Structures are given as structure tokens and as C-alpha cells.
Participant: 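Below is one structure. I have some questions about it.
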Amino acid sequence: MKNTIVISMLLLFFIGYSQNKKSVSGKITSNNQPIPGATVSLLKTTFVTQTDSLGQYFFSEIPNGNYTIQVIANGFQTKNKNVNIKDEQEIILNFALENTENQLDEVVVSGTLKPVKRLENPVPVEIISAPFLKQNPTSNVLDALQNVNGLRPQNNCNVCNTGDIRINGLDGPYTMVTIDGMPIVSALGTVYGLSGIPNAMIDKIEVVKGAASTLYGSEAVGGLINIITKKPFAVPLFTADVFTTSWLETNVDLGYKTNIGSKATALFGVNYFTYNNPIDNNNDNFTDVSLQNRGSFFSKININRASKKEFSLVSRYLYEDRWGGEMQWNKSFRGGDQVYGESIYTSRYEFLGKYELPVAEKMFFQFSVIGHDQNSVYGNATFLANQKIAFGQFIWDKNWSNHSVLFGTALRYQFYNDNTPATATANHSKIYSAFAQDEITHNEKTSTLIGLRYDYNDNHGSIFTPRFAFKFKPTPTDILRFNFGTGFRIVNLFTEDHQALSGAREVVIQSNLKPETSYNLNLNYLKKFKLTNAGVLNLELASWYTYFTNRIFANYDINPNQIIYDNLNGNSTIFGLSANADWVSPFGLKANIGTSYFDAMTTQDGISLRPLFTERYSLNWGLSYDISNWFLSFDFTGNLTGPMRLPLLSELDPRREISKPYSIQNIQMTFKKIHNLELYTGVKNLLNWTPNRGNPFLIARANDPFDSNVQVDNSGAVIPTADNPFALTFDPTYAYGPNQGRRFFIGLRYHFD
């Protein structure tokens, strides 16, 4: 009897408990294709989840009541549904979302520092979505941008593989990188702003091509790359993305979300990349790719304020140990002249914040604090540098009548010191800034944007950067935009130029360098086509012209053993054309293709030359096809880079002065049947291209990296000898493409809520 009573009580308890465990589940699709990674939430509650690889979501233990379920996914319209939780044990609620990626009404902020729909923005902004980053998995954002039209990662050294990102044919130092709109990089290494951020933390990337100094100040001459991170409430509890390659490169991305009491939600991420497998496929006794161990920690905290006003804090720490050199090099040879190696230790921290002021007006305070410490050796030449930057900015966003106005003021302080002769004492510089921008809506079809920025630098004095844009939208699916912008860049010479640091050439500074200034014209046309039974097609055409004055010119041609720096006694120009097409079909196929043409010329003392490392044209593409019945997706991505002028060391140098076009192509297959798990595999660099193809060698005098057997005449010019028939000195700067051949990769992505 007692046993019967106990069993009955347990059954009653279980029945009652299970009745209180209400659940809601369903599937999120578009055109009958599942949407993985969509954020599903019960508004005004703590119930938040993310769809798995099959587009499915699940909630349990929901108290009785009326709720609104909201679904948010990149490239799709947000959708809400009401649900009443009563006595049902399980509610199945499916969502079919409409694609907005090609309807051009995604909200962007980078062009005007205001949230504006892409099709309404007077400034062209390109969106790189999180799914795009998965098409060709990489260990950093820098490499992921190789398939974006108009962007090209540039390898600056065949030994240490230092790199940066070029926009519209302009060098990496003219690119500004921001996280959530807050500047994170300056003079020391643009590449570090694009490394160490776990891809799972990235919501999207916005790219502005053309001068943006009116809003963003120095460095935003060629354009802006704004990495927008996910909001902590919109991610799963835990994410993991791990892959390895046949070259034994291994990358690990981990993410974790947690609540800090009831007042804050935090997102933490860890990225670790390691490669310790020396390979010398071109047989020059130098590593083809630098070896490295890189670790970074990333966090984002959203403070939940009663006023619902924004308050977020972002921090990141990165440490990297990277080296390349002769195959027999190890750390016991660091800084010596016995075995050549280039070894770089980098320690970098960033702390950024955005705070919406507790006032009736829409006002924000943004700040960032960055520290960068670099300890580098290039053979027996040492480069030690330390940089600290503090940045603060107030913004007032005001709308009245037909005016959308933005006012701002900023202060940037920079400390910089290195051990080069150019920095005899530590440099302290400040930039005081004030800017204003007004977008005037004349009618439904036309609007005008005007802006002006004033900067005062204690080294260079006053700098004015005006801005003008005109938008004409004749139909809801057409937009024509004209932009005029100016850019400036304060002098940061050694910190960006690997050639100046490596010791391979003597650095000569001709005069007191002045800040660089530029003028940019941009014409952009965007058109959306609705194809009958074939989806949506976007077509974008653009042309631009950039004119530089005071450009700092690195002359490699006067003396092959020197780099002579001076402001141009002339001008530098670049004219370009580009076209982009994006197509999303209703049957699982997505395609994008883009092409650009660059005509660049630099005139110095009446002599005109094409600048080094600027390609004449480029082509980028990406194809994705989902076969939902097989739980498979296929990606084919690639790029074609046209010829560019490269630095030669003498008239006898046998290497090509103009490179041949080259193409990097990748394929990937992803299996999505297992709940919350994706397995992917593929091949990178299908054609097995490397820059040594068709060249006798890449690194000049790789057999004599300390120039022990180089003979010179009384003027310092290298003399041809039997041992040195081409009159060369050691130089690793003949670098223009990735020196890494075909390799296989395999990886997995996993998350749970």
C-alpha cells in the first residue's frame, strides 16, 4: 500500500511538473530553405535561442501567458508572431522569412554614423554578412576579405608575412578599421585590427570605399572597414568553430554568453591560431609562410539600463609570436648574424565603449584606449616600438523638419616611441576635432548631404576636410549617388612600412614630411531587379577618382639599396571602375560577382610611374548552393588579380617587373544534418598558385641574407660578380600574393543554447 501511495504521488508530481513544462518549437525557412543562426526570442523575457543548422529552434519550461516571438536573421525581414501558452504540452510555430539581403533595406551606420537603410543612404556602404565569412573559413578577418570586390589583402614581406588591406588600389595605411564604429587601429599595423576576433562574434562588416575623414579623421583616406559585433542577447550560450589544414594550421574560435546579475549581458570569445610546420616548397631555404602562435581574448558587455539607452563595453587582448626565415633558424639565433630570421612579438590591448547620455536628446559618448607593443628583429636589425592611443568622441544626432543633423567633437592623443633614428625622442601628439553633417531631404526622390570637419594637430596645425553627397532615387528600386570627400593622414612612416624596418635597405628622409591630403569623387548606381520565378538580382556600378597632394612617396628606383621618403613634388592619382552583381534564387542558389579596374599614376619631379603593388584589374566571385534534402551546401569562391609593378633591385634583376595575373580559388562542402553541428571540408588554392611561378626566385640573395659577399663601388652601388651576377642585395620585399600552395581543410561548428 505504501509503495502504491508513493508511486501514485510520484506520478501525480511528474504529471503536474510536465504540465508546467510548456514548449514551443519550429523551423525558420525562406523559400523552403532552412535558415541557420537566426535569433529567436520571446520579447520581454530572458528566453533567447538560435536556430541550428537545420533552421530549427526550441523553447521549454515557458510559464503560462501571452507572448510575442520574434525572429531576426541577417539578410531577412524581422518577423513577429503572438502565441498563447496555456495547457498545451507542445506548440509548433514555423516562420517563413522574406529575404532582404537583396531588397537593400538592411540598416547600415558606417556611411553617416546614423542608422539608415542601405537603399536610402546617400553614401554607398557594402555589407559583408556573417554567412559570407563561412564560405571560405579563415583564421582572421584580413584573409576573409580576399573575395570582396575592391579589397585585397597585401603580403608585404616574403619572410615575416606582414600584411595589410588595400581598398580601391590604395595602400593599407589609408584604410581605417573600426569595431562597432569605434577606431581601433592607427599607425602600428592595420593587420592587427583584423586579427583575433572570433568569426562567431561578428554580426556583419560594413565597408565604405572612398575618403571618409570628415567623420572618422586621419587614416580614413581610402576607406573604412567597420566590424559590427553581435549583441550578447542574440547569440547562443556557447559556440565553437575549429578547423585544421593539411599544412597543420589550426584555428580555434570559442564563444560564451552569460548574464552578469540582472544588469548586464556579456559575450566572451577566444581565438587561438597555431602553425609550427616549416615548409620550403620553392627550395630557397626560407620558410614559405611564417610560423606563428596567436591568441586573443574578446569580450562585449551590454549594460541593461532602465532607460533602455545603449551602454556597451568592448575589450580585446592579442598576443602573437611570429617568425619566418632560414629553415634552420630557432630562437637562439634571434637578433644575431649567423642564421637569418625575422621574429616579431606583438602584445596589443583595446578597450572601447559607447554610452548614450541620459538626456532627452540623442547624444552619445564613444571612447577607445589602445596599447600596442612590438618587439621585432629582422636578421640582426632590431625594431622596438610602443604606441598608446586614447580617443574620445561626443555625438549629437538631431532630426527636425527635413534635416537630419549630426554634430560631433573628438580628441585623440597618441604616444609613440621606437628605436629608429627618426624617433630620437618619444612623440606625443594630439588631434582636436569638431565636425558637423546635415542631410537635407528635398523630396521623396532627392536629398543632399553636406559635412565639414576641422582638426587641429599640434605637429601639423589646422586641417579642414569638407564632404558633399547627392542622392537621386527615381524609383523604389533605383538609386544614383554622387559623393565628394576629402581625406587626410598624419605622418606615420616607420610604423606601417615593413621595408623601412627590415634593414634590407637604408632609409633616407629627404625633408620634414607634411600630412597627406586627398580629394575623392565617387559616382554610384544601384539597381534591384525582381526576376520572375528566379529571385532577386542587385546590380551596382561605380566609378571614382582620387587625387593626392603631399602624398608621402617611397622611392625604390633611384638607389636599389635605399628607400627615399619625401612628400611628392607632383601628384598621385587613381581612377577606377567597378561592377557588382548579387543574385539570390528561390531554389537555394546564391551568387555574387564583382570586378574592378584601376588606373593609378604617381608623378614625381615630372616623371610619371605606376605605383608599386597596384593591380590593373581584379575579379571576385562566390557561389553557394544549398541542397536541403541532402543536408548539404556547396561554396565556390575565388578571385583573379591583374598585373602590378614590383620592386626590382637592379637593371640585371631577372625577376619580372610586371607580375602575371593570378587566381586563388577555393571550394567547400558543409554537412548540416546533425542538430546544432556543422561539419565542413574543402580545398584552398585549387590551382596551387604561388608567386614564384615563372620567377627564378622571390627573395633576392636568399643564400647571403647578411650581404657578406656583396661588393660595392665607391658610390655604394652593387658590383656584379661571379657570386652575384645580377648585382643584388638581400631583399624579401618582392611580395605580392600568398606564398602558400594548395591545401585541404576540415572543421566543425557547434553551438548550444
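On a predicted model such as this, the values are computed, not experimentally measured, just so you know.
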Participant: Hey, does Ser41 have a side-chain heavy atom less than 4.5 Å from the side chain of Leu43?
Facilitator: yes
Participant: Between Thr448 and His442, is there a side-chain heavy-atom distance shorter than 4.5 Å?
Facilitator: yes
Participant: Indicate whether the side chain of Tyr525 and that of Asp478 have a donor and an acceptor atom separated by less than 3.5 Å.
Facilitator: yes
Participant: Is it the case that over 12 heavy atoms from other parts of the model lie below 6.0 angstrom from the NZ atom of Lys263?
Facilitator: no
Participant: Going by distance alone, is a donor N or O of one side chain under 3.5 Å from an acceptor N or O of the other, for Arg348 and Ser296?
Facilitator: no
Participant: Would you indicate whether the side-chain heavy atoms of Arg481 and Leu523 approach each other to under 4.5 Å?
Facilitator: no
Participant: Taking the six-membered ring for Trp, are Phe482 and Phe470 closer than 6.0 Å centroid to centroid?
Facilitator: no
Participant: Counting only N and O atoms by type, is there a donor-acceptor contact under 3.5 Å from the side chain of Lys527 to the main-chain atoms of Leu537?
Facilitator: no
Participant: Determine, step by step, whether Phe311 and Tyr355 satisfy the ring pair (Phe, Tyr, Trp, His ring centres under 6.0 Å) criterion, reporting the C-alpha distance in whole Å, the side-chain angles of both residues, the deciding distance to 0.1 Å, and the verdict.
Facilitator: CA-CA 4 Å; Phe311 184 16; Tyr355 178 74; 5.0 Å; yes
Participant: Quick test of your reading of the model: are Glu356 and Lys354 salt-bridged, counting only N-O distances below 4.0 Å?
Facilitator: no
Participant: Taking all heavy atoms of Asn226 and all of Ile179, pick out the closest pair and write down the distance.
Facilitator: OD1-C, 4.0 Å
Participant: Between atom CG of Asp455 and atom OG of Ser462, what is the distance when rounded to the nearest 0.5 Å?
Facilitator: 9.5 Å
Participant: Do Glu126 and Lys209 come within less than 4.5 Å of each other through their side chains, counting heavy atoms only?
Facilitator: yes
Participant: Any sub-3.5 Å donor-acceptor pair from Thr138's side-chain atoms to Asn140's backbone N or O?
Facilitator: yes
Participant: Going by distance alone, is a donor N or O of one side chain under 3.5 Å from an acceptor N or O of the other, for Asn80 and Thr68?
Facilitator: no
Participant: Check the surroundings of atom NZ in Lys445: do more than 12 heavy atoms from other residues, nucleotides or ligands lie under 6.0 Å from it?
Facilitator: no
Participant: Identify the two heavy atoms, one from Ala469 and one from Asn483, that lie closest to each other, and give their separation to 0.1 Å.
Facilitator: CB-OD1, 3.4 Å
Participant: Roughly how far, to the nearest 0.5 Å, is NZ of Lys300 from OG of Ser312?
Facilitator: 5.5 Å
Participant: Looking at CZ of Phe391 and CZ of Arg412, how far apart are the two atoms once the value is rounded to the nearest 0.5 Å?
Facilitator: 8.5 Å
Participant: Assess, by modelled atom type and distance only, whether the side chains of Tyr349 and His372 contain a donor and an acceptor separated by less than 3.5 Å.
Facilitator: no
Participant: Just by distance, do the side chain of Thr517 and the backbone of Thr549 share a donor-acceptor pair under 3.5 Å?
Facilitator: yes
Participant: Got a donor-acceptor contact below 3.5 angstrom from the Lys362 side chain to the Trp396 backbone?
Facilitator: no
Participant: Hey, are Asn149 and Asn580 close enough side-chain-wise for a donor-acceptor pair under 3.5 Å?
Facilitator: yes
Participant: Please find the pair of heavy atoms, one from Thr614 and one from Gly169, that lie closest to each other, and give the distance.
Facilitator: OG1-O, 3.6 Å
Participant: Donor-acceptor pair, Thr29 side chain versus Ala96 backbone, under 3.5 Å?
Facilitator: no
Participant: Is Lys398 paired with Glu361 through a side-chain N to carboxylate O contact shorter than 4.0 Å?
Facilitator: yes
Participant: Measure the shortest side-chain to side-chain distance between Leu313 and Phe351 over non-hydrogen atoms and say whether it is less than 4.5 angstrom.
Facilitator: yes
Participant: After noting the C-alpha distance and the side-chain angles of His428 and Tyr416, does the key distance pass the side-chain hydrogen bond (donor to acceptor under 3.5 Å, both in side chains) rule?
Facilitator: CA-CA 7 Å; His428 301 263; Tyr416 177 75; over 6 Å; no
Participant: Looking at the rings of Phe575 and Tyr545, which for Trp means the six-membered one, are their centres under 6.0 Å apart?
Facilitator: no
Participant: So how far is it from Tyr547 OH to Tyr519 OH, rounded to the nearest 0.5 Å?
Facilitator: 9.0 Å
Participant: Are side-chain N/O atoms of Gln146 and Arg152 paired as donor and acceptor at under 3.5 Å?
Facilitator: no
Participant: Identify the two heavy atoms, one from Ile35 and one from Ser30, that lie closest to each other, and give their separation to 0.1 Å.
Facilitator: CD1-CB, 3.7 Å
Participant: Give a yes or no on whether the backbone of Asn524 and the side-chain of Trp544 come within a donor-acceptor separation of less than 3.5 Å.
Facilitator: no
Participant: Is the closest side-chain donor-acceptor distance between Asn639 and Asn147 under 3.5 Å?
Facilitator: yes
Participant: Please report the shortest heavy-atom distance between Leu170 and Gly222, naming the atom on each side.
Facilitator: CD1-CA, 3.6 Å
Participant: For Ser624 and Gln135, which I'm curious about, is there any donor-acceptor pair between the side chains at under 3.5 Å?
Facilitator: yes
Participant: Tell me the closest heavy-atom pair linking Glu439 and Ser447, and the distance in Å.
Facilitator: OE2-OG, 3.5 Å
Participant: Find out whether Glu350 and Val369 are in side-chain contact, i.e. whether some heavy atom of one side chain is under 4.5 Å from a heavy atom of the other.
Facilitator: no
Participant: I need the Leu526 CG to Lys471 NZ distance, nearest 0.5 Å.
Facilitator: 12.0 Å
Participant: Is the backbone N or O of Asp180 less than 3.5 Å from a side-chain atom of Thr178, with the two atoms forming a donor-acceptor pair by type?
Facilitator: no
Participant: Looking at Thr409, is its backbone amide N or carbonyl O close enough to the side chain of Ser433 to form a donor-acceptor pair, meaning the two atoms are under 3.5 Å apart?
Facilitator: no
Participant: Is there a side-chain contact between Ser596 and Phe598 (heavy atoms, below 4.5 Å)?
Facilitator: yes
Participant: Looking at OH of Tyr57 and OG1 of Thr51, how far apart are the two atoms once the value is rounded to the nearest 0.5 Å?
Facilitator: 10.5 Å
Participant: Any donor-acceptor pair under 3.5 Å linking the side chain of Thr546 with the backbone of Ile574?
Facilitator: no
Participant: Would you call Lys231-Asp203 a salt bridge at under 4.0 Å N-O?
Facilitator: no
Participant: Are any of the side-chain heavy atoms of Gln387 and Ile389 separated by less than 4.5 Å?
Facilitator: yes
Participant: Do Thr265 and Asn302 get their side chains close enough for a donor-acceptor pair, meaning under 3.5 Å?
Facilitator: no
Participant: Mark yes or no for whether Asn121, through its side chain, and Pro124, through its backbone, hold a donor-acceptor pair below 3.5 Å.
Facilitator: no
